[in-house]
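Below: the structure, in structure tokens.
Just so it is clear, the model here is predicted, and its values are computed rather than measured.
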Amino acid sequence: MIRSATKLTLAAAIGLALTASAAQAETTEVCLKQTFEVAQPMQAKPPSQEQLPAIEAQMEKVENLCDAKQFAEADKERDVLKDMIAKL
């Protein structure tokens with residue numbers, strides 16, 4: 001009986017770990033998707049050659065934060081990116 005309970009507990013723990021990993025992956029994907037959505041207005045009004053390096057650097061910064069699962073910081077930096085694009 002104890003072995004069965006231990007197996008069930010272990011199975012539940014593994015299931016929770018897998019579920020948490022899947023949720024993090026989805027959150028990273030959502031973070032990246034939001035970043036690309038913020039950049040969509042650049043298709044209609046592309047940045048100048050002078051503006052492009054700063055915008056690319058900011059976008060890369062946000063993407064790296066998403067990949068690092070630093071979502072709150074990515075949100076703040078995405079707002080900076082949004083402001084940069086709005087000024088185009």
Taking distance alone, no hydrogens or angles, what donor-acceptor pairs closer than 3.5 Å link side-chain atoms of residues 36-47 to residues at least two apart or in another chain?
{"unit_1": "Gln40", "atom_1": "NE2", "unit_2": "Phe36", "atom_2": "O", "d": "3.4"}
{"unit_1": "Lys45", "atom_1": "NZ", "unit_2": "Leu88", "atom_2": "O", "d": "2.3"}

Query raised in the report: Under a 4.5 Å side-chain heavy-atom rule over Ile, Leu, Val, Met, Phe, Trp and Tyr, are Met59 and Phe71 clustered together?
Result: no
Show me the side-chain donor-acceptor pairs of residues 75-83 shorter than 3.5 Å, one per line, residues at least two apart or across chains.
{"unit_1": "Asp75", "atom_1": "OD1", "unit_2": "Arg78", "atom_2": "NH1", "d": "2.7"}
{"unit_1": "Glu77", "atom_1": "OE1", "unit_2": "Gln58", "atom_2": "NE2", "d": "2.7"}
{"unit_1": "Arg78", "atom_1": "NE", "unit_2": "Thr35", "atom_2": "OG1", "d": "3.2"}
{"unit_1": "Arg78", "atom_1": "NH1", "unit_2": "Gln34", "atom_2": "OE1", "d": "3.4"}
{"unit_1": "Arg78", "atom_1": "NH2", "unit_2": "Cys31", "atom_2": "O", "d": "3.2"}

Query raised in the report: So which residues get pulled into Leu65's cluster when ILVMFWY side chains under 4.5 Å apart are joined, directly or through others?
Result: none
Query raised in the report: Are Leu52 and Ser48 close enough, and set up right, to give a side-chain contact (heavy atoms from CB on, under 4.5 Å), and what steps lead you there?
Result: CA-CA 6 Å; Leu52 189 60; Ser48 69; over 6 Å; no
Query raised in the report: Any side-chain heavy-atom pair from Lys69 and Thr27 closer than 4.5 angstrom?
Result: no
Query - Distance in Å, Ile55 CD1 paired with Glu60 CD, rounded so as to fall on 0.5 Å steps - result: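 Reported to 0.5 Å precision, the distance equals 14.0 Å.
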